[in-house]
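The structure's right below; bear with me while I get my questions together.
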Amino acid sequence: MLDIRNNHLIIDDVDTVELSEQFGTPLYVTDKTKLKDNFQAYRSAFPKADIYYAAKANWDLTILKILAEEGAGADVFSEGELYIATLAKIQTDKILFNGNSKTDSEIEFAIKSGVKISVDSLDELNTISKAAVKNDCEANIAFRINPDVSPDTHPKISTGLKTSKFGILESEVICAYKKACDLPNVNPIGIHCHIGSQILDISVYEEATLKMMDIAQKVSSFVELKFIDLGGGLGINYKKEEKIPTPKDLADIILPIFEEKTELIGISPKLILEPGRSIVGDTTILLSRVNTVKKAYKNFVGIDAGFNLLMRPVMYDSYHEVMVANKADEKVEDTYTIAGPICESGDIIGSDRKLPKIEKGDLIAVLDTGAYGFSMSSQYNGRPRCAEVVVCKGKANLVRDKETFEDLVAKFN
Ligand code: LLP
């Protein structure tokens, strides 16, 4: 939880100014208590469902371990995410391997690991069957369905549109499951969809759930469906609006349809959800030091973190609240544009923000950076990635060291 004490921003009882002095900046700081609370909010909203945390949102090993201890499964989108989820001791029978363009080696790795696979095309289904035969094992699969629904979100993160690259079309579904029944060493046991991300108007889940249950009804006339996975996508409160939907609100939409339809069809599949952002997004802040302040066309504040560490503003024009962490209680004095150190004019973390007077050496906190922050970072401009700290009830733990220049060159021959 964020607090203000003695004019400083506090995260789970730890002073951010002290963190910046102890560990340097830039620095990602994650609140463990909040992380656990966010996961448990899903647990209590969906008591009978399995929650497969979407590892792409943030695959920090410590974060995955904390979620594994809370009982999370995982949605993984690459061999690397599968590797790290297993390392974090997420049970393999609670992992779904996703991907629209998996390599043969990823498919073999997934089959041998015994995780469920979400199949994105008929072509891929053939590859999976061959790999399962070759390795003398069975592949438990679901098809990723393209449900053709349009959530109100950024087009780049809307994944269930008819035009999207993900999944198979509704018209192909029956043929796909029939083929899966016929092929050797493949067991179709589930159906899967994911309609998009940062969804705040959750009424679209009604349409998606109804479509998926309709498909479940058709498929279950010849397949025993063990799970129905409705993906993730619930948005978080980046703009600090008064009310935004919670996991409970999502459950109020999904569960009545799911329960009524499963009973009607006479099946008892497990419901799976794959939230990423709504588990980690608001657990984390990015601390960054002010290098310089200048008055040009606007008041530009140059900080030591840019889109190398937080890609979202430049990639999706996304808004992240910014605070001056060492002046957290001071009154607004001017309008500032917070610029990163990367040599591109798009490297702006926040535009035209009303903030207390900012000077060189001040500490900027960029809020809600737990999802798709570090996990989308890069070494652009030859900048080593920063350290990560997890705080819990007044204590701070360094969970990832800052990269060094040696790390930058480690793989050159
Ligand atoms: N399941 C699947 C198959 C997904 O592709 C995703 C996200 C999720 C679950 C989790 O969605 P969430 O609950 O986090 O919304 N980089 C973008 C977001 C990309 C989301 C990709 N897929 C951003 O920073 O907004």
Side-chain angles (χ1 to χ4, degrees), residues 38-39 41-42 45-46 50-59 63 67 72-78 81-82 85 95-102 115-120 142-147 151-161 164-168 190-202 204-205 208 212 227-239 244-247 250 254 272-284 286 307 309-320 349 366 368-378:
N38 286 351
F39 185 78
Y42 269 97
F46 294 91
D50 272 347
I51 308 300
Y52 284 17
Y53 166 65
K56 73 208 75 173
N58 189 329
W59 43 267
I63 288 177
L67 292 171
D75 140 43
V76 298
F77 218 82
S78 69
E81 284 182 3
L82 173 54
I95 295 180
L96 182 70
F97 191 91
N98 278 304
N100 64 297
S101 177
K102 306 177 185 82
V115 300
K116 300 184 278 291
I117 304 177
S118 172
V119 184
D120 199 80
F143 280 100
R144 166 97 177 239
I145 314 288
N146 178 327
D152 183 15
T153 189
H154 193 284
K156 282 188 185 156
I157 53 175
S158 194
T159 48
L161 305 172
S164 156
K165 69 171 180 172
F166 296 106
I168 60 170
I191 60 172
H192 174 220
C193 78
H194 169 72
I195 59 174
S197 198
Q198 185 53 19
I199 297 171
L200 291 176
D201 177 359
I202 57 172
V204 67
Y205 283 94
M212 289 294 281
F227 71 90
I228 296 178
D229 180 339
L230 297 178
L234 183 63
I236 64 165
N237 204 356
Y238 288 112
K239 292 192 171 154
I244 63 138
T246 62
L250 189 62
I254 291 177
I272 296 176
L273 295 163
E274 300 173 349
R277 188 190 314 268
S278 47
I279 303 272
V280 278
D282 64 358
T283 65
T284 300
L286 173 59
F307 78 67
L309 292 175
L310 183 64
M311 174 79 91
R312 303 195 66 257
V314 61
M315 184 109 166
Y316 318 104
D317 293 320
S318 35
Y319 180 93
H320 285 262
I349 296 286
V366 189
D368 306 315
T369 51
Y372 310 106
F374 202 108
S375 68
M376 289 174 71
S377 65
S378 74

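When a ligand or atom number is given, it counts from 1 through the structure's own listing order.
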Open item on the list: Could you tell me, atom by atom, which parts of ligand 1 come under 4.0 Å of a heavy atom of G232?
Closed with: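 In order of numbering, the contacting atoms are 9 (C), 13 (O).
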
Task: Options R277, R144, K56, H194, ranked by nearest heavy atom to atom 11 (O) of ligand 1, top entry - done: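 Nearest option to atom 11 (O) of ligand 1, by heavy atoms: H194.
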
- [ ] Give a yes/no on ligand 1: does G231 have at least one heavy atom closer than 4.0 angstrom to it?
- [x] no

Open item on the list: Using the side chain to side chain contact (heavy atoms under 4.5 Å, CB included) definition, which of the options I272, L96, D229 pairs with D50?
Closed with: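 In the set I272, L96, D229, the residue that makes a side chain to side chain contact (heavy atoms under 4.5 Å, CB included) with D50 is I272.
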
Open item on the list: Under a 4.0 Å threshold between the charged nitrogen and the carboxylate oxygen, would D75 count as salt-bridged to K56?
Closed with: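 The answer is yes: the pair qualifies as a salt bridge.
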
Open item on the list: Counting non-hydrogen protein atoms only, what is the nearest one to atom 1 (N) of ligand 1? Give residue, atom name and distance.
Closed with: E274 OE1, 2.6 Å

Task: Pick from R312, M311, Q198: the one approaching atom 24 (O) of ligand 1 most closely through a non-hydrogen atom - done: R312

- [ ] Could you pull out the closest heavy-atom pair between I244 and N237, with the gap in Å?
- [x] CD1-N, 3.5 Å

Task: Taking every non-hydrogen atom, the tightest pair across K165 and D120 - done: O-OD2, 3.8 Å

Open item on the list: Side chains of S375 and N58 only: does a donor on one sit below 3.5 Å from an acceptor on the other?
Closed with: no

Open item on the list: Just to check, does S278 reach to within less than 4.0 Å of ligand 1 when the distance is taken from its heavy atoms?
Closed with: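 Under 4.0 Å: no for S278.
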
TODO: Below 4.0 angstrom from a heavy atom of A54, which ligand 1 atoms are there? Numbered from 1 as shown, please.
DONE: 8 (C), 9 (C), 10 (C)

TODO: Would you check whether N98 has a nitrogen or oxygen atom less than 3.5 angstrom from a nitrogen or oxygen atom of ligand 1?
DONE: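 Between N98 and ligand 1, no N or O pair is found under 3.5 Å apart.
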
Open item on the list: Using the rule given for side chain to side chain contact (heavy atoms under 4.5 Å, CB included), can you reason through L200 versus Y238, listing the C-alpha separation, both sets of side-chain angles and the distance that settles it, and then say yes or no?
Closed with: CA-CA 11 Å; L200 291 176; Y238 288 112; over 6 Å; no

Task: Residue P275 vicinity, atoms of ligand 1 by number, heavy atom under 4.0 Å - done: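 Answer, ordered by atom number: 13 (O).
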
Open item on the list: Any nitrogen or oxygen of H192 lying under 3.5 Å from a nitrogen or oxygen in ligand 1? Just yes or no.
Closed with: no

TODO: Using distance alone, decide if ligand 1 has a nitrogen or oxygen within less than 3.5 Å of any nitrogen or oxygen in G233.
DONE: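 Yes, there is a polar N/O contact under 3.5 Å.
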
Open item on the list: Can you tell me which residue among V204, L230, I195 is in a side chain to side chain contact (heavy atoms under 4.5 Å, CB included) with P147?
Closed with: I195

- [ ] Decide whether Y319 and R312 meet the rule of one side-chain donor and one side-chain acceptor closer than 3.5 Å.
- [x] no

Task: Location of contacts on S197 toward ligand 1, heavy atoms closer than 4.0 Å - done: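 The answer is both, backbone and side chain.
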
Task: Shortest protein heavy-atom distance from atom 16 (N) of ligand 1, along with the residue and atom involved - done: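 It is Y316 OH, 2.7 Å.
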
TODO: Identify the protein heavy atom lying closest to atom 19 (C) of ligand 1, giving its residue, its atom name and the separation to 0.1 Å.
DONE: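 Looking only at protein heavy atoms, the one closest to atom 19 (C) of ligand 1 is I157 CG2, 3.7 Å.
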
TODO: Would you please say whether a donor-acceptor pair under 3.5 Å links the side chains of N38 and D282?
DONE: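 Yes.
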
- [ ] Please confirm whether the backbone N or O of I236 pairs with a side-chain atom of Q198, one donor and one acceptor, at under 3.5 Å?
- [x]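 Checked: pair present.
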
- [ ] Could you check atom 14 (O) of ligand 1 against the protein and tell me its nearest heavy-atom contact, residue, atom and distance included?
- [x] Y372 OH, 2.6 Å

Open item on the list: Would G276 count as being in polar contact with ligand 1, using the rule that some N or O on each side must be under 3.5 angstrom apart?
Closed with: yes

Task: Residue D75 vicinity, atoms of ligand 1 by number, heavy atom under 4.0 Å - done: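 Near D75, meaning under 4.0 Å from one of its heavy atoms, ligand 1 has 1 (N), 2 (C), 8 (C), 9 (C).
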
Open item on the list: Using the ring centroid of each side chain, check whether H194 and F166 are separated by less than 6.0 Å.
Closed with: no

Open item on the list: Please classify the M376 to ligand 1 contact at 4.0 Å (heavy-atom distances, strictly less than): side chain, backbone, both or neither.
Closed with: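 Only the side chain of M376 comes within reach of ligand 1.
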
